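Everything below concerns the one structure shown next.
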Amino acid sequence: MTDTSFPYRMRLGLPYNYSVHFTRNAFRPDNELLARTLRAAPGAPHRALAFLDSGLAEAQPGLSDRLAGYCQAHSGTVELAAPPVVLPGGEQAKEGWGVVQRVLSELAAAGLCRHSFVLCAGGGALLDAVGLATALFHRGMRLVRMPSTALAQDDAGVGVKNGINLDGTKNAVGTFAPPFAVINDLALLRTLRRELVLDGIAEALKVALVRDGEFFRMLEQNAEALARADRDVVDQAVQRCAWLHLHHIASGGDPFERGSARPLDFGHWAGHRLEQLSGGALRHGQGVAVGMALDACYACRTGYLAPDELERVLGTLRRCGLPTQHELLADPDPVLVGLRQFQEHLGGPLTVTLPHGIGAKVEVHEMDRDILRACARHLMEHEERL
Ligand SMILES: NC(=O)c1ccc[n+]([C@@H]2O[C@H](COP(=O)([O-])OP(=O)(O)OC[C@H]3O[C@@H](n4cnc5c(N)ncnc54)[C@H](O)[C@@H]3O)[C@@H](O)[C@H]2O)c1
Ligand SMILES: [Zn+2]
């Protein structure tokens with residue numbers, strides 16, 4: 001007889017597959033990548049709605065028409081349910097529920113079903129908000145992300161998370177929702193302001209320092225070219241950084257971050273807090289750069305990084321045009337609150353990743369506040385403001 005007793009041991013295993021591509025000029029009608037990607041789902045032509053970041057749309061005025069033209073040229077594959085919708089880009093996109101609600105209304109008005117596609121081209125902030133809306137509508141529909149900043153292509157846009165900020169807490173609400181696919185169009189980066197390119201480079205330095213010493217040396221040797229936002233070097237750095245992030249998510253054993261560790265979040269506990277304390281004046285990449293300087297200094301004082309290695313880290317950040325100090329470090333105690341916030345967000349015991357030599361990591365579960373204060377003082381005294 002069938003055992004119908006309780007408890008019933010549920011065991012659900014869901015494989016997630018998505019591919020991340022790099023291309024140039026994705027909306028040129030003869031570029032097959034996007035059409036081929038959409039055709040991977042059965043049932044073409046697929047209905048779709050497209051959302052564009054306002055900063056991107058302004059910097060690349062013909063983009064919306066090119067996207068619509070591409071869909072017309074591939075009408076056997078994709079049908080836009082309405083013209084592309086431009087939404088505010090930048091951090092405002094994910095402050096509260098506004099953009100999420102707007103996207104949900106557009107999806108409902110277009111009568112999209114769970115098998116329809118959402119295409120979103122934009123920076124990490126808009127991708128986060130549209131990703132949340134897409135995860136919620138019909139309990140989750142197909143999202144093709146087209147990240148348009150260096151940081152979105154090498155980090156924010158390639159992973160499995162989305163989110164919005166609520167009541168002053170960064171990423172307070174969000175879901176783990178892998179996309180259908182990610183298409184990184186390097187040509188989109190060409191209109192990015194230099195400082196925004198450098199935000200993506202900060203993430204590249206972060207992952208290189210704790211994962212890939214050879215990549216760090218490449219960045220170190222090309223620091224001046226990176227600071228000028230030289231296309232070739234930036235494109236190389238963005239691709240390698242994206243690969244390292246993807247490899248970590250795919251093979252790190254904890255894609256939905258159930259544990260307490262975030263092995264690639266070196267520099268982020270202080271980085272997030274500095275962003276928050278600066279009231280938005282510091283962008284994510286800048287906050288992370290200062291956070292890395294602080295934690296590298298700490299790693300040196302606690303024996304994980306040799307003094308000459310620390311000098312290479314700080315020197316490379318500086319030569320890349322990234323900040324290694326900030327006036328908020330003059331009063332370190334409010335910054336140190338970031339340790340508790342970081343722990344709360346991840347859950348469980350505090351776990352902070354530090355570099356262990358260049359290219360490897362160590363995880364520590366406590367940080368000595370006095371040493372951190374001394375590191376903050378050291379950076380204020382010895383590092384110059386950008
Ligand atoms: N979901 C994740 O896993 C994850 C990971 C890391 C970071 N993030 C989030 O990503 C956000 C930062 O994203 P970001 O660095 O891409 O910045 P952003 O999205 O804030 O965009 C920065 C600015 O660039 C403009 N812009 C976008 N593309 C452009 C282009 N091609 N040309 C000219 N201007 C353009 C935008 O309109 C905006 O004004 C943060 O909110 C961060 O929390 C998310
Ligand atoms: Zn980051």
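Only a predicted model underlies this, so the values are computations on that prediction, with no experimental measurement involved. Read the numbers this way: they start at 1 and go in the same order the structure lists the ligands and their atoms.
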| request: Please assess Leu196 against Thr149 for the test side-chain contact (heavy atoms from CB on, under 4.5 Å), listing each intermediate value before the final yes or no. | output: CA-CA 7 Å; Leu196 288 169; Thr149 66; 5.5 Å; no

| note | min-distance protein heavy atom vs atom 24 (O) of ligand 1 -> Leu196 CD1, 3.4 Å

| said: I'd like to know if Glu203 contacts ligand 1, where contact means a heavy-atom distance under 4.0 Å to any ligand atom. | reply: no

| task | Please find the N/O/S atom of His268 nearest to the Zn ion (ligand 2) and write down its name. | result | NE2

| What part of Glu91 sits under 4.0 Å from ligand 1 if we count only heavy atoms: the side chain, the backbone, both or neither? | both

| query | What is the nearest protein non-hydrogen atom to atom 29 (C) of ligand 1, stated with its residue, atom name and distance? | reply | Leu192 CD1, 3.6 Å

| So, is Glu203 placed with an N/O/S atom under 2.8 Å from the Zn ion (ligand 2), counting both backbone and side chain? | yes

| Looking only at N/O atoms, are Ser54 and ligand 1 under 3.5 Å apart anywhere? | no

| For atom 43 (O) of ligand 1, which candidate among Gln60, His272, Lys170 provides the closest heavy atom? | Lys170

| remark: heavy-atom search around atom 31 (N) of ligand 1 in the protein gives Leu188 O, 2.8 Å

| message | Test your reading of the model: is there a side-chain donor-acceptor pair from His272 to the backbone of Lys170, 3.5 Å cut-off? | response | no

| query | To the nearest 0.1 Å, how far is atom 11 (C) of ligand 1 from its closest protein heavy atom, and which atom is that? | reply | Ala125 N, 3.6 Å

| field | Lys94-Asn162 side chain donor-acceptor pair, cut-off 3.5 Å | value | no

| message | Starting from atom 36 (C) of ligand 1, what is the nearest protein heavy atom, named by residue and atom, and what distance separates them? | response | Asp53 OD1, 3.3 Å

| Strictly under 4.0 Å, does any heavy atom of Asp199 approach an atom of ligand 1? | no

| query | Nearest protein heavy atom to atom 33 (C) of ligand 1, by residue and atom, and its distance? | reply | Thr191 O, 3.4 Å

| remark: Short version for Val160: what comes under 4.0 Å of ligand 1, heavy atoms counted, is neither

| query | How far is atom 6 (C) of ligand 1 from its nearest protein heavy atom, and which residue and atom name does that atom have? | reply | Ala156 CB, 3.6 Å

| Closest protein heavy atom (residue, atom, distance) for atom 9 (C) of ligand 1 | Asp128 OD2, 3.5 Å

| message | Would Glu203 and Lys206 count as a salt bridge (Lys or Arg N to Asp or Glu O under 4.0 Å) here? Give the steps. | response | CA-CA 5 Å; Glu203 299 288 0; Lys206 167 207 77 176; 2.9 Å; yes

